[in-house]
Structures are given as C-alpha cells and as structure tokens.
Amino acid sequence: MKRTYPDGPRINLPLAVIGQMLPQWFPFDPLAFTLGIAQNYGDIAHYKLGALHVFQLNRPELVRQVLVEQAEKFVKPGLVKRAFRPFAGAGLFTSDGALWRRQRKLMQPAFQHRQLATYAGVMTEHAERVMNSFVDGEIRDIRAEMTKLTLGIVVRSLFGADITREASEISPLMVSILDATNQRLNTILRIPSWVPTLRNLREKRAVNKLEAVLQVLIRTRRVSSENRDDLLSVLLRATDGESGAQMSDQQLRDELMTLFLAGHETTASALTWTWYLVAQHPEVETRLAGELQRVLAGRTPSVDDLAKLPYTEMVLREAIRLYPPAPGVAREPIEDVSIGGYDVPKGSIVTINMYALHHDGRFFDDPERYDPDRFAPGWEERIPRYAYLPFGSGPRVCIGNGFAMMEARLILASMAQRYRLSLESGEPVRPVQLVTIRPAGPVRMRISRRTV
C-alpha cells in the first residue's frame, strides 16, 4: 500500500545543490524557508531532500507528541550529530540513550536553583564592568558588547576564571564554529568536516584554540586543592549514584565545550534583540525603567529581586518569542510512528521550528508586533503550552534555561536602570540563522546615561 504524505514544498535537488555551491548568487534563508512552510502548508508539512523525508510540525499538539508523549521513540538525527560533533563531541547535546541519561543525571545538580543562585553576583559584577566602560553619548555595537559580557560570565561561572582580556579574541572563534556548523545543518551536498575547505579550516583552527584555553583551565583546576563552587568543580565532583563513575577527561571536554559555546551565545543574542526591540518602543522602555526604579532605586539587583520584577521578565520573554535563541529542534524516529494522522517512517527527520510557531497568528495575535503584555501573569494559561518553546521541552529541555533566564534578567535590570539605549541607524536589523538567530551585522546603539 502506498504511503500518503502531507503536502509540502517540492525541492529541486539539482538547483538546490547549485545554490549551495554558489551562495553569493543563490542565498538561502532558512528562517524564511521554514516560516513559509508553516504559513503555506499548515499543521504538518512534508518535503524530500533526495531520499530523505522531512516532516515539519506546526501545531502544539503535534509538538507535544514528539517531545513529550513519545520522546523515547526519537533520537537526535545523524545530520545534527555530524553538524555539531566537531566541537561538541559526544556531549549532552549530541548524545542519546544510556550515555545521554547518565550525563544528564551527572550534570543536573550543576543547574539546580540553589547552585544557580551562587552565580548571580558574577553576573551583576560583569554587567557593572561593562557599564563602567560606557561613556555617555557614545555609540557601540551592542551585539559585540553583549557577547563579551556573557562570555566573561560563562567562563567565570564555569571555571572561576577571568578572561576579560581574551574575550575579544575568543568571540571570532565562536563565529567560525557557528558558521561551519550552520553550513552542515542547512546544506544538501554535505562536505565532511575533514575536507580542507576554507570554512572547515577556520573551524578547525577555532576549535583547537578554544580547546587550548579549556585545557589550561581544566589542568589548573585538577591540580588545585582549592574548593570552589563553580560549574567545573561541580562537574568534577559529580559521581554516578549506581556505578560510582565520574566523567572522563574526554567527556568533560565535550560537555564544557558545549556549555562554553551555548552558554554565552544564546544569552548574548537574546539580550541584543531585547535592546533592539525596547529601543523601538518608548512606552516599553518607560515602563521598564519605572519598574526598575521603583524596586531597585539604583542598587544592584539580586536573585531575590527577580520575583519583584515581572515586567522585566515580560520584556525578555517577548523578545525571545520574536527571536528565539535556538530557532528549531529536530528528531529522528527509531521506528515507524504516526503523527497527525500520517505515517512517519523510521529514519525520517521531524523538525519543530520555534521561529515559525512563535510567529503563528493562531497562537499569538498580531504575531509580528512586540508586546510584552502577552506574558503578563497567567500567560501559561493563555498561550498554548507547546506554542512557546524558547528552550525546547520534554526530557531534553535545555539544561541551561534557568541559568540563561536568570542571567538575562539580572543584566537587563542592572543596565536598563542606569542607561537608555537608542538605535543609531534607521536601517532595519536583519535576523540570520547561524545556529542561533543573531543580527546579520553590527547593532549600533547610542548609550545615554539616565538622569533620574
């Protein structure tokens, strides 16, 4: 019996391969592509890339089915693992099965609320450093500033080390890794990472340099008798309750490399888009500043203050609705499954595109409008549970989501009460998918010190 597939776009494979080989003439925008699929083909769409079947889910109930109800029937696709493995190895992001369960269990204590609260001081201290470097009225690329800030925070939180001086050198390394990873994720003609293309060579040099930095920090900690409370110390002490095993050096490297990259890139993007959006909405900026003045009155925020700053959280949540740090997730069924009334064969790829879901008018009225009031108290009851997924969901929900939200709120609260940021150029800032959703170029903003 012939299998029936949902409607979807037809991909001209020869033209797609030519476009990949000549991107300057045939640029591919994955954000526009997946958003178009959602808008044109409804709840579930299907297309083929050669012999590979791809299903895109565009409805919360179907998302729940894959990420929660039948999570055990899906694994990370081989395509995703190959794309991230050059830098992430067999870390939590790329592993499956028993290895993933073991690593998740070992790492979970490092991300519990009590442990996370110990990093709040690091976050506000680094925000203070950035603000102390500001000159009233000057123009800065806020994307670069947020990257430098969150990089310093993640390294201090991970290793208890300070790499302020090295931050400007490390940031371009991250971009090289993201560029190569994104190329592997979004291309049809797959070029192995060992082929000496210019992109692959840049990535290899970047990974080697980052590994060298990590190895120095790890070796220093292993020979130190000092008892610290940073993430590396928690991971070094982590022991499997059943086997008594600890992480090997290689496993530790893989986990730290993932945390090192993802732990600052996603938050930097979220904060950049937040500043960009707030600057275009004076009523939001005024209300945000008012809340911060009323609650903080100029003092440094603490973890205990976060519950008293609901609008600050609303401002951030709406920014990551419009520009989710991770635009989508993918799964591969390990057996034939049924989704939305269609048979999905083993070995297919099932994609869940957060960017498309977050821009769907069925779940968000006037979805292109920036409106923090969508996330006023009680939003969990108003918005369908699986329509808003900035950190994924189910057993594989992002382990660092608590860290990221605490960090972003503390930074926003620290900076927005002292400075107003306004866009210097009238040119629109274009989003691009480079694993995360980041601005295509610099985001130049004028920094003005508040007088009240």
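Nothing fancy with the numbering, it's 1 onward along the sequence. Side chains included, hydrogens not; waters and symmetry mates left out as well; all remaining heavy atoms used.
Within the model, atoms CD of Glu318 and CG of Leu277 stand 8.0 Å from one another, a figure rounded to the nearest 0.5 Å. Atom CG of Asp29 sits about 7.0 Å away from atom CZ of Arg430, to the nearest 0.5 Å. The distance from the CE atom of Met405 to the CG atom of Leu116 is 12.5 Å, given to the nearest 0.5 Å. Atoms CG and CG, from Leu252 and Leu232 in turn, are 6.0 Å apart once rounded to the nearest 0.5 Å. From Phe87, atom CZ reaches atom OG1 of Thr94 across 8.5 Å, with rounding to the nearest 0.5 Å.
Between the side chains of Ser248 and Arg253, no donor-acceptor pair of N or O atoms lies under 3.5 Å. There is no side-chain donor-acceptor pair under 3.5 Å between Gln417 and Gln293. Between the side chains of Ser302 and Asp305, at least one donor-acceptor pair of N or O atoms lies under 3.5 Å. In summary, the side chains of Arg418 and Ser414 do not present any donor paired with an acceptor at a separation below 3.5 Å, with no hydrogens or angles considered. For the residue pair Glu203/Ser176, the side-chain donor-acceptor check at 3.5 Å is not satisfied. Between the side chains of Gln112 and Gln108, no donor-acceptor pair is found at a separation under 3.5 Å. Looking at Gln251 and Asp249, their side chains never bring a donor and an acceptor atom within 3.5 Å of each other.
Side-chain N or O atoms of His359 include one that pairs as donor or acceptor with a backbone N or O of Leu322 at under 3.5 Å. Judged by distance alone, the side chain of Glu291 and the main-chain N or O of Arg287 form no donor-acceptor pair under 3.5 Å. Put simply, the side chain of Thr124 gets close to the backbone of Ala120: a donor and an acceptor are under 3.5 Å apart. Between the Trp273 side chain and the Ile437 main chain, a donor and an acceptor come within less than 3.5 Å of each other. Side-chain N or O atoms of Lys76 include none that pairs as donor or acceptor with a backbone N or O of Ser95 at under 3.5 Å. Not one N or O on the side chain of Arg140 forms a donor-acceptor pair closer than 3.5 Å with the backbone of Arg444.
For the pair Arg321 and Phe364, the cation-pi test (distance below 6.0 Å, angle within 45°) is passed. Annotation: cation-pi pair Arg449/Tyr419 present, NZ/CZ under 6.0 Å from the ring centroid and within 45° of its normal.
Ring geometry for Tyr388 against Phe375 counts as tilted: the plane angle lies between 30° and 60°, on a 0 to 90° scale.
A salt bridge does not link Glu407 to Arg156: none of the charged nitrogens lies less than 4.0 Å from a carboxylate oxygen.
For the pair Pro390 and His358, the minimum side-chain heavy-atom distance is below 4.5 Å.
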